[in-house]
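Both counts, for ligands and for their atoms, begin at 1 and track the order of listing. Keep in mind the model is a prediction, meaning the values are calculated, not measured.
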Amino acid sequence: MDLQTLKEKFNLKTVEFTEGEGGFIFIDVQNPLADARISTYGAHVTSYTPNGQRPVLWMSRMSWFESGKPIRGGVPICWPWFGAAPVEGQPSHGFARISQWEVGNVRELESGETVVTLELPEAAVDPALLRFSFRLELEIIVGRSLELVLTMVNASDSPQQVTGALHSYFSIAAAEEIVVRGLSDVGYEDRVVGAPVVYGHIQKGDIGIDREVDRIYHGTGAVEIFDPGFNRVIRVEKSGSAATVVWNPWIRKSHAMPDFGDEEYHTMVCIEAANASVDARTLMPGEIHRLGQKITVL
Ligand code: BG6
């Protein structure tokens, strides 16, 4: 749907459709509870600000806004694979975040929340990356919390294994000062390249960030980011996920990324609701799986 059709079809007080960075179509939500900006390219929430708060999501000022490249920051949708592609040469974190999604529906609730539903048509996916027939939908609820629910259906006639993540980037005052709570005594895999030990770690106490951190925690629930600099706690709840990824690229890795400013590692941390590693899901023909995340400033 082009911009004009969207404007006519979803003529709502709290929603505006605009052409933004990279010529992508954005959905700007401004309701009594919060503001949010959503790119239809990638079904990507690039900003979320509850009333009276500072922005919750981090965006890189170096991000690409280019077809075929992911947006750096906000909430990338990693699907149908998490991390490196199973086939060499294919993009990291799947095709969902580098595909053009369609607006399925936009509605306002009596509660003041706005619900945006985006769908990824199979025809919009680069055929070279398509492994099986699927249906994929992202529901975004903008209110006092930001809720995302990714619904995936295996529309093929054989079992399919999928991994993925709601790869949220959070804006923080200073990486060294925050504490990530909720993962003490939980086992994790260390994904830092060259880590001497990958498996068998147990998190002792809360997590501080003072080096490159790239971990998949297993058997996880809600996590909180305690940020004394911004004087707030961000709570990240989730559903349909037993794995949580915690990521900060720190100095060496961020300097190596062209779409990430050299000092920006200092003001972000990723907490991702994931189906990754041993939490890969095998979907039978017709089976539905929902991966959800709810972000709230306490
Ligand atoms: C994280 C991974 O989820 O995403 C990291 O655990 C990876 O290993 C990071 O570096 C960013 O990935 P990308 O493809 O967006 O650069």
Participant: Please determine if Arg72 forms a cation-pi arrangement with Tyr169, meaning its NZ or CZ atom is less than 6.0 Å from the six-membered ring centre and no more than 45° off the ring axis.
Facilitator: no
Participant: Run the contact test for Arg72 against ligand 1 with a 4.0 Å cut-off on heavy atoms, strictly below, and give the result.
Facilitator: yes
Participant: Please check if any side-chain donor atom of Ser111 sits under 3.5 Å from a side-chain acceptor atom of Glu113, or the reverse.
Facilitator: yes
Participant: Under a 4.0 angstrom heavy-atom cut-off, which atoms of ligand 1 come close to Arg191?
Facilitator: 2 (C), 6 (O), 8 (O)
Participant: Measure from atom 4 (O) of ligand 1 to every heavy atom in Lys69, Lys253, His167 and give the option owning the shortest one.
Facilitator: His167
Participant: Among all protein non-hydrogen atoms, which one is nearest to atom 12 (O) of ligand 1, and what is the separation to 0.1 Å?
Facilitator: His93 NE2, 3.4 Å
Participant: Please check whether Tyr169 reaches ligand 1 - meaning an N/O of the residue sits under 3.5 Å from an N/O of the ligand, judged on distance alone.
Facilitator: no
Participant: In terms of atom number and element, which parts of ligand 1 are under 4.0 angstrom from non-hydrogen atoms of Glu272?
Facilitator: 1 (C), 3 (O)
Participant: For Arg97 and ligand 1, answer yes if some heavy atom of the residue is under 4.0 Å from a ligand atom, otherwise no.
Facilitator: yes
Participant: How about Gln203 and Ser184: does a side-chain donor come under 3.5 Å of a side-chain acceptor?
Facilitator: no
Participant: Would you mind checking which non-hydrogen protein atom is closest to atom 11 (C) of ligand 1, with the distance to 0.1 Å?
Facilitator: Trp247 CH2, 3.6 Å
Participant: Look at atom CZ of Arg232 and say whether more than 12 heavy atoms of other residues, nucleotides or ligands are closer to it than 6.0 Å.
Facilitator: yes
Participant: Please check if Tyr41 and Phe65 belong to a single hydrophobic cluster, counting links between Ile, Leu, Val, Met, Phe, Trp and Tyr side chain heavy atoms closer than 4.5 Å.
Facilitator: yes
Participant: Linking I/L/V/M/F/W/Y whenever their side-chain heavy atoms sit closer than 4.5 Å, directly or via other members, would Met59 and Phe24 fall into one cluster?
Facilitator: yes
Participant: Please confirm whether the ring centroid of Phe82 lies under 6.0 Å from the ring centroid of His93.
Facilitator: yes
Participant: Which residue supplies the protein heavy atom nearest to atom 14 (O) of ligand 1, what is that atom called, and how far is it?
Facilitator: Ser92 OG, 2.6 Å
Participant: Given Ile140, which partner from the list Thr114, Ile38, Val75 fulfils the side chain to side chain contact (heavy atoms under 4.5 Å, CB included) test?
Facilitator: Ile38
Participant: As an exercise, identify every atom of ligand 1 less than 4.0 angstrom from a heavy atom of Asp214.
Facilitator: 2 (C), 5 (C), 6 (O), 8 (O)
Participant: As an exercise, identify every atom of ligand 1 less than 4.0 angstrom from a heavy atom of Phe82.
Facilitator: 3 (O), 6 (O)
